[in-house]
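Report on one structure; see the data block that follows.
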Number of protein chains: 2
Amino acid sequence: MTGVKQRKDAISIAGLALHLGLSEGTISRALNNYPDIAEKTRKRVRDAANELGYQPSSTARRLARGVVETVGFVLPSRRDHLSDPFLSEILDGLAAELAMSGWDLLLAAVPDGQDEVEVMDRLVRSGKIGAFAVTRVKRSDPRVDYLRTAGVPFVVHGRTSKHSDYSWLDVDNEKAFVDAVNFLIGLGHKNIALLGGDLKMNFAWQRREGFQKAMSDAGLETPPDYIVDGISDGMGALEAMATLLALPSRPTAVVCVTDAVAIGAIHAIQKAGLKAGHDVSVVGYDGLPMGRATEPALTTMSQASYEAGREVARMLLEAVRQKNIKSLNKEIPQILWEAKLTLRASANPPVSNPANKSHREETKK
Amino acid sequence: MTGVKQRKDAISIAGLALHLGLSEGTISRALNNYPDIAEKTRKRVRDAANELGYQPSSTARRLARGVVETVGFVLPSRRDHLSDPFLSEILDGLAAELAMSGWDLLLAAVPDGQDEVEVMDRLVRSGKIGAFAVTRVKRSDPRVDYLRTAGVPFVVHGRTSKHSDYSWLDVDNEKAFVDAVNFLIGLGHKNIALLGGDLKMNFAWQRREGFQKAMSDAGLETPPDYIVDGISDGMGALEAMATLLALPSRPTAVVCVTDAVAIGAIHAIQKAGLKAGHDVSVVGYDGLPMGRATEPALTTMSQASYEAGREVARMLLEAVRQKNIKSLNKEIPQILWEAKLTLRASANPPVSNPANKSHREETKK
DNA sequence: TTGACATCCGAAAGCGCTTTCGGTAGCGTG
DNA sequence: CACGCTACCGAAAGCGCTTTCGGATGTCAA
């Protein structure tokens, strides 16, 4: 529990004051650009600070100001272990954008026997964080419920099923899957299946909705067998796809909730002695780098995780600003991005269909 | 730059003191288990603290104690973007173990135009962190050079080429690849190639060393063409493997620096009309979940990233303790773990070889 | 009963900053 | 020359906690 003593050689504001023959207050105001400091002393102070490598103690500053410039991020509990391939990218984006405003990113894990909300509450009450970023939300998510009443600014990457009164950034998953299905329909497919994810996760739900909407809008029938939910990794995809292929009338195309699932599907197809992109077309979602290296290369929808992280950070900082101003015009930014469809070799017209144009890699919309 | 005001309703130690009719000092000592507090008042204080949800301000505590119970982690710069599939697992392990001792994990990104060392130095000087964890080290790594002179406790996951005087946890990459090659040799392979990684990264170097050692120990020739370095993703693997397959005498087996590379290789083999695990055996490294879902399933070496994160955290806390005690017996823990070889379908005896036993999934050593 | 000791708690001085308030010097104006 | 102003800086009071020091009790033996 005992930490590390601050470095002895680190110069404090008192040292600087002594060195310059000024008072600590003056130093502080000079460095913080108060208007009542003469320009030349301000410069003098700044130069000395640079030269001596003075860096104000963020702890003391926090205490004096009563503010915390730190956003908290609670890692998804290991129990529901759907490894997010983009978690580190999002974190990277978050940290990068926050750093530009002098903010920090605090990462917390959930110890066994506790839940996310307990962890978040402790972080808030101990004053360690002043805002939260949340990702991978469920349709109904206790973290969001907590935050909505906690009085801490927060922004959600993704959104819950009810989502009118808080700030979020999400990708239009429904539209993405409408687009994906329509793309396949445009190629001539009619028998399209879905390898869907855990329906507690809202993104999986939304994608499924998109799938069904596009199918019914096109007047296409979807046998129940064609919709498989709850697939979270390549392994599950392998089995589910094998089942699909064993169906009396097997689908000519399958859209997958993630690239990991799609890659599993591709391997299942090959294992069955068929050819992905020929006998069965495959479309994924994520834009995983590995999707470019599969055989056939994976047609997929992609979202920019790093950029999303940055945007969430910006929204967070704005939310904090709003809160401090206590402005009455409650702005609740909610941003919806669109996923881009990346065409590669894994999706082509069905073999029975004569319109057999080949598709090279290109990015549409 | 302005942060979030601490919650108004959060009770402070002064409030608790008032509530209990005790002095702040007594409260503090009671909560921190000083021996000079009567057991029954200690209990009284504790109960009241729980009831009122008192949580000491970590900022004030830090300032008073002059310590920071926070370890810093600087995300690898986005420029050399070798996405580490295990980064989030390591962070998870770090955060989880640190939390058990009341420590925090601070994540920092490297803004454009700055380097890692600058970021680290600022974190140290501003007193935001009291220790560092570092991963993905290069053979010669400026971060380690900096830390060795900075006086901040740190632990490295991995190690540099010279590594006698600091604390690290690494996997025996060399032995892992010796094992992998020997395994293939045991199957009857003689023409074994290496798809290696960026040699600036020490793990890639070590694995290459292991490959060469095992080959030469077995008296096997390795034509220069058989060793390809600098492959960092599936895409690079795809091309490199294609080149290998086009060789006049193509290898019967290939070991890959990572699973991502191995999966790329599998696809290249299939693309060439050959059968991975039959015409060419493939061995990877990482134990990626997806390796179980490929066709054929990937034989690979695995390491436990989450556990590594926890162990690094433990070492870190121990290093801090050592430093505070100023003990003279300089303990520098250096831990070497072994990777486990997971046998799956992608590695089998060469086709020419009569000893053609099939290999089901199982874990050896 | 008195002194010597523990036992337990309050007082107060910080930790390194910020920020308000007031005071001094310098300036221009009448 | 006195007045009022502005421009600039120092003094000092915190922020919420920790920790040392000493003082007030109570206890026990002599």
Side-chain angles (χ1 to χ4, degrees), chain A residues 1-45 49 52-69 102 125-128 130, chain B residues 1-45 49 52-69 102 125-128 130:
Chain A
M1 194 68 167
T2 30
V4 163
K5 295 238 188 323
Q6 307 229 9
R7 311 198 47 206
K8 285 326 244 178
D9 52 335
I11 185 166
S12 73
I13 203 175
L16 238 192
L18 207 67
H19 179 80
L20 287 171
L22 290 172
S23 75
E24 299 181 19
T26 302
I27 307 279
S28 173
R29 284 184 321 243
L31 258 22
N32 289 300
N33 293 318
Y34 275 57
D36 64 344
I37 300 293
E39 191 49 52
K40 66 172 233 210
T41 58
R42 189 196 312 284
K43 175 164 174 21
R44 206 159 71 90
V45 171
L52 301 189
Y54 168 71
Q55 189 76 243
S57 153
S58 69
T59 305
R61 170 187 281 242
R62 283 214 252 270
L63 184 58
R65 295 233 258 235
V67 301
V68 254
E69 290 155 347
R125 291 220 318 279
S126 67
K128 279 175 177 170
Chain B
M1 193 69 170
T2 30
V4 164
K5 296 239 188 318
Q6 307 226 10
R7 310 202 47 208
K8 285 325 247 179
D9 52 335
I11 186 165
S12 74
I13 202 175
L16 238 192
L18 207 66
H19 179 81
L20 287 171
L22 290 172
S23 74
E24 299 182 18
T26 302
I27 306 280
S28 172
R29 283 182 323 238
L31 258 22
N32 290 302
N33 294 318
Y34 275 57
D36 64 344
I37 300 292
E39 191 48 53
K40 65 173 230 201
T41 58
R42 190 197 311 285
K43 175 163 170 27
R44 207 160 70 90
V45 171
L52 302 189
Y54 169 71
Q55 188 75 245
S57 151
S58 69
T59 306
R61 172 188 281 242
R62 283 214 252 270
L63 183 58
R65 294 231 258 235
V67 302
V68 255
E69 291 155 346
R125 290 220 317 280
S126 67
K128 280 177 178 170

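Below, chains carry the letters A, B, ... as their sequence lines are ordered, and counting in each starts from 1.
Test B/Ser28, B/Ser57, B/Ser23 against B/Ile13 for side chain to side chain contact (heavy atoms under 4.5 Å, CB included) and you get one pass: B/Ser28.
A/Leu63 meets the side-chain contact (heavy atoms from CB on, under 4.5 Å) test with B/Thr59, B/Ala60, B/Leu63; sequence neighbours excluded. Among residues two or more places apart in sequence or in another chain, the salt bridge (charged side-chain N to carboxylate O under 4.0 Å, His left out) test is passed with A/Arg42 by A/Glu39. Listed by chain and residue number, nothing satisfies the side-chain contact (heavy atoms from CB on, under 4.5 Å) test with B/Ala64 (two or more places apart in sequence, or in another chain).
Nucleic acid contact for B/Gly15: none, since no nucleic acid atom lies under 4.0 Å from a heavy atom of the residue.
The stretch residues 26-36 of chain B touches DNA chain D through B/Ser28, B/Arg29, B/Asn32, B/Tyr34, each having a heavy atom under 4.0 angstrom from the strand.
Heavy-atom contacts of chain B under 4.0 Å fall on DNA chain D between two terminal nucleotides, which in 5' to 3' order are D/dG16 to D/dT20.
Between B/Val45 and B/Leu22 there is a side-chain heavy-atom pair separated by less than 4.5 Å. For the pair B/Thr41 and B/Thr26, the minimum side-chain heavy-atom distance is 4.5 Å or more.
Mapped onto DNA chain C by nearest heavy atom, B/Glu39 and B/Leu63 fall at different nucleotides, with B/Glu39 at the one closer to the 5' end.
Summarising the geometry, atom CZ belonging to B/Arg65 is positioned 11.0 Å from atom OG belonging to B/Ser58; distances are rounded to the nearest 0.5 Å.
Counting only residues at least two apart or in different chains, side chain to side chain donor-acceptor pair (under 3.5 Å) contacts with residues 12-21 of chain B are absent.
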